[in-house]
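To start, the structure itself, in structure tokens.
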Amino acid sequence: MTDVETEVVIAGAGPTGLTLAYELALAGVETLVLEKLPRRVEQVKGGAIQPRTAELLEMRGLLKPLLRRAMPRDPVGGHFAMLPVPLDCTPWQTRHPYPITIPQWEIEEVLEERAAARGARIRRGAAVDGVENGDGVTVSADGLRVRARHLVACDGGRSTVRKLLGLPFPGRPGTYLAVLADVRLSATSSLVPRRVGHISGLTRQANGYWAMLVPVGGDRYRLTFGREDETEATRDTPVTREEIAAALRAVYGEETVLGEVDNASRFTDATRQVEHYRVGDVLFAGDAAHIHPPLGGQGLNTGVQDAVNLGWKLAATVQGRAPEGLLDTYHAERHPVAAGVLHHTSAQRVLADPRASGDVAALRDIVIDLLRLPDANRHLAGLMSGLSLRYDLAGEHPLTGHRMPDADLLADAGPTRVSALFRAGHAVLLDLAGIVPSGLRLPADVDLVRAGSTTDLGAAALLVRPDGYVCWAADDAATLLPAVARHLATVPTGMYDEGNGHQGTTDRERP
């Protein structure tokens, strides 16, 4: 048994675990990721990056390398329940109004490279097989014994960590069983889509099957399918080549011929969520904390957003600079978000069910009509994209708790954007009207930025958390100092102190 010490250990090197590893390493936290698989599986899987996730990745400088790997697709909005009305995200003031399609394994590759470059260690072929939780954690994994301040379980819907701790995973079991496969086609019929457009144009039903075939590039496709009648297969039943070939023939015609099967697995629409995201010194994120029907790419996106919310809070806690109770706000903020995802994906499951009754078909028609109404479309676009998320933070200003849009700014050093201010993972005090006093003492990880904007951002000054959400705003100088003294305590960098020798830098500004 080899003994290892680290500040944080993460179980699972999927998008959630690797995003968290990057966030922690960016903050200077010693981080070890344990992944049971010896090598990355080159699987398209959940490869849709929703607009809010794209914004968060851009804030850290991670989006550009990912976009180089994006699959070609038509510039079309997302969907609700696969209904044939694109969701319009443009009213939400985002630079990324369309989902971005990138194979999941390529997302993982970029995140792993960037996390490792920051100092995170990723150890593959290390399956967690023991957890001791109390006064820190001790994790055993294939001959390793790791001692850490905290363990974060990002090890999927069948989380080993969750099972080792004997934690319940309440919810609803799956109502159907389906197959997800990356395949190569040696011949195609005219029914096979040639480009990635709106999802409603990629789905078909025929001869007792439902299927979705997404072109990935060349002869490669991502195939999702199921049978309208029940089968005797279980989730662990191996997917056979003939099973995939039969589904292709049934839905896309005899002219569609299966070449190779790169990988294949089964999934269900089970809906479950852990009761507590923090249990002692163990925390849960991504599919280890919540699973739901796979509609709208919500799994990957909710997990990455979990990681960005948790990263700065956990780093501040480990480094001894967190206000009392900060780490517990991870559960308080993210548990309701995932509960909402479970709720709306359950509703979508009913509307998208290929075995829908006549009553459900009538309901679908009504919802399609509603989606054509701008206000209804805007509401669901905000819900599915994550752009409408607001955290329940203390404060009277109407911007409190909302995401900060990526507006153009003009600083002394030249033009910039809001997203560029968060590369270091710090909180930002953005002074848009010159009302922040020059002698204001700030904690080390709050950057003061003085800039102008041609866009009305709704306040004269804003304090924005490292995850891009406004935790305080002021409309004029009269309300600035009392409010900023109060609200800097919500940022994990220590308290504002006007005159008794706070150790933070005085008037530290960024161009």
Side-chain angles (χ1 to χ4, degrees), residues 43-48 79-84 101 104 156-158 171-185 188-189 191-193 196 198-216 220-254 256-258 261-272 287 291-300 341-342 344-361 363-364:
Q43 199 171 15
V44 175
K45 208 173 177 182
H79 71 92
F80 184 80
M82 298 194 290
L83 298 175
T101 304
Q104 181 167 316
R158 298 182 173 188
R172 175 184 55 75
T175 63
Y176 67 74
L177 192 65
V179 172
L180 176 65
D182 292 338
V183 301
R184 298 174 187 268
L185 302 182
T188 60
S189 73
L191 299 175
V192 173
V196 180
H198 193 260
I199 193 170
S200 60
L202 300 173
T203 56
R204 288 184 56 81
Q205 286 179 250
N207 300 311
Y209 286 87
W210 60 267
M212 179 171 64
L213 197 56
V214 180
V216 178
R220 299 182 64 194
Y221 293 80
R222 183 185 68 188
L223 172 66
T224 309
F225 72 88
R227 296 188 60 165
E228 295 176 10
D229 59 333
E230 297 296 329
T231 68
E232 296 182 358
T234 66
R235 181 168 177 178
D236 294 320
T237 302
V239 180
T240 67
R241 175 185 172 83
E242 179 49 40
E243 183 181 0
I244 296 172
L248 286 167
R249 288 193 301 269
V251 180
Y252 299 99
E254 295 289 339
T256 301
V257 180
L258 177 63
V261 178
D262 292 337
N263 52 70
S265 59
R266 300 184 196 274
F267 68 91
T268 77
D269 63 337
T271 300
R272 301 184 183 278
D287 288 354
I291 59 172
H292 48 77
L295 290 159
Q298 299 296 293
L300 182 151
V341 171
L342 267 62
H344 72 66
T345 53
S346 294
Q348 292 182 75
R349 177 183 60 82
V350 175
L351 292 168
D353 192 339
R355 305 161 297 181
S357 66
D359 289 345
V360 172
L363 176 62
R364 185 182 295 154

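The basis for the numbers below is simple: all heavy atoms, side chains too, and nothing from hydrogens, waters or symmetry mates. Keep in mind it's a predicted model, so treat the numbers as computed, not measured.
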Of all heavy-atom pairs between [X] and [Y], which one has the smallest distance, and what is that distance?
X      : Y      : answer
Ala48  : Leu300 : O-CD2, 4.4 Å
Leu351 : Arg364 : O-NH2, 2.5 Å
Leu83  : His198 : O-CE1, 3.2 Å
Leu295 : Ala352 : CD2-CB, 4.4 Å
Thr203 : Ser200 : OG1-O, 3.5 Å
Pro193 : Pro215 : O-CG, 3.9 Å

Could you pull out all residues at least two apart from Asp359 that satisfy salt bridge (charged side-chain N to carboxylate O under 4.0 Å, His left out)?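 For Asp359, no residue satisfies salt bridge (charged side-chain N to carboxylate O under 4.0 Å, His left out) once neighbours in sequence are set aside.
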Looking at residues at least two apart in the chain, or sitting in another chain, which of them share a salt bridge (charged side-chain N to carboxylate O under 4.0 Å, His left out) with Arg241?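 Checked Arg241 against salt bridge (charged side-chain N to carboxylate O under 4.0 Å, His left out); zero matches.
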Atom pair [atom1] ([X]) and [atom2] ([Y]), whose distance is rounded to the nearest 0.5 Å:
X      : Y      : atom1 : atom2 : result
Leu177 : Thr268 : CG    : OG1   : 7.0 Å
Met212 : Thr224 : CE    : OG1   : 4.0 Å
Gln205 : Glu228 : CD    : CD    : 5.0 Å
Leu223 : Arg220 : CG    : CZ    : 13.5 Å
Tyr221 : Leu258 : OH    : CG    : 12.5 Å
Asp353 : Trp210 : CG    : CH2   : 9.5 Å

Keeping [X] on the side-chain end and [Y] on the backbone end, is there a donor-acceptor pair under 3.5 Å?
X      : Y      : answer
Gln298 : Val341 : no
Arg172 : Asp269 : yes
Asp287 : Gly156 : no
Gln348 : Ser346 : no

Please step through side-chain contact (heavy atoms from CB on, under 4.5 Å) for the pair Ile244 and Val261, ending with a clear verdict. CA-CA 9 Å; Ile244 296 172; Val261 178; 3.9 Å; yes
Give a yes or no on whether a salt bridge exists between [X] and [Y], defined as a side-chain N under 4.0 angstrom from a carboxylate O.
X      : Y      : result
Arg158 : Asp236 : yes
Asp182 : Arg222 : no
Arg266 : Glu243 : yes

Can you find a heavy atom in the side chain of Tyr252 that is under 4.5 Å from one in the side chain of Leu185?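 Side chain of Tyr252 against side chain of Leu185, heavy atoms only: no contact under 4.5 Å found.
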Using side-chain heavy atoms (C-beta onward) and a distance below 4.5 Å, is Asn207 in contact with Val251? no
Is the closest side-chain donor-acceptor distance between Thr256 and Thr188 under 3.5 Å?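 No, no side-chain donor-acceptor contact under 3.5 Å.
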Which word best sums up how the rings of Phe267 and Tyr176 line up, parallel for under 30°, tilted for 30 to 60°, or perpendicular for over 60°?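 Ring orientation of Phe267 relative to Tyr176: perpendicular.
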Would Ile291 and Thr271 count as a side-chain contact (heavy atoms from CB on, under 4.5 Å) if you check the C-alpha gap in whole Å, the side-chain angles of each, and the deciding distance to 0.1 Å? CA-CA 5 Å; Ile291 59 172; Thr271 300; over 6 Å; no
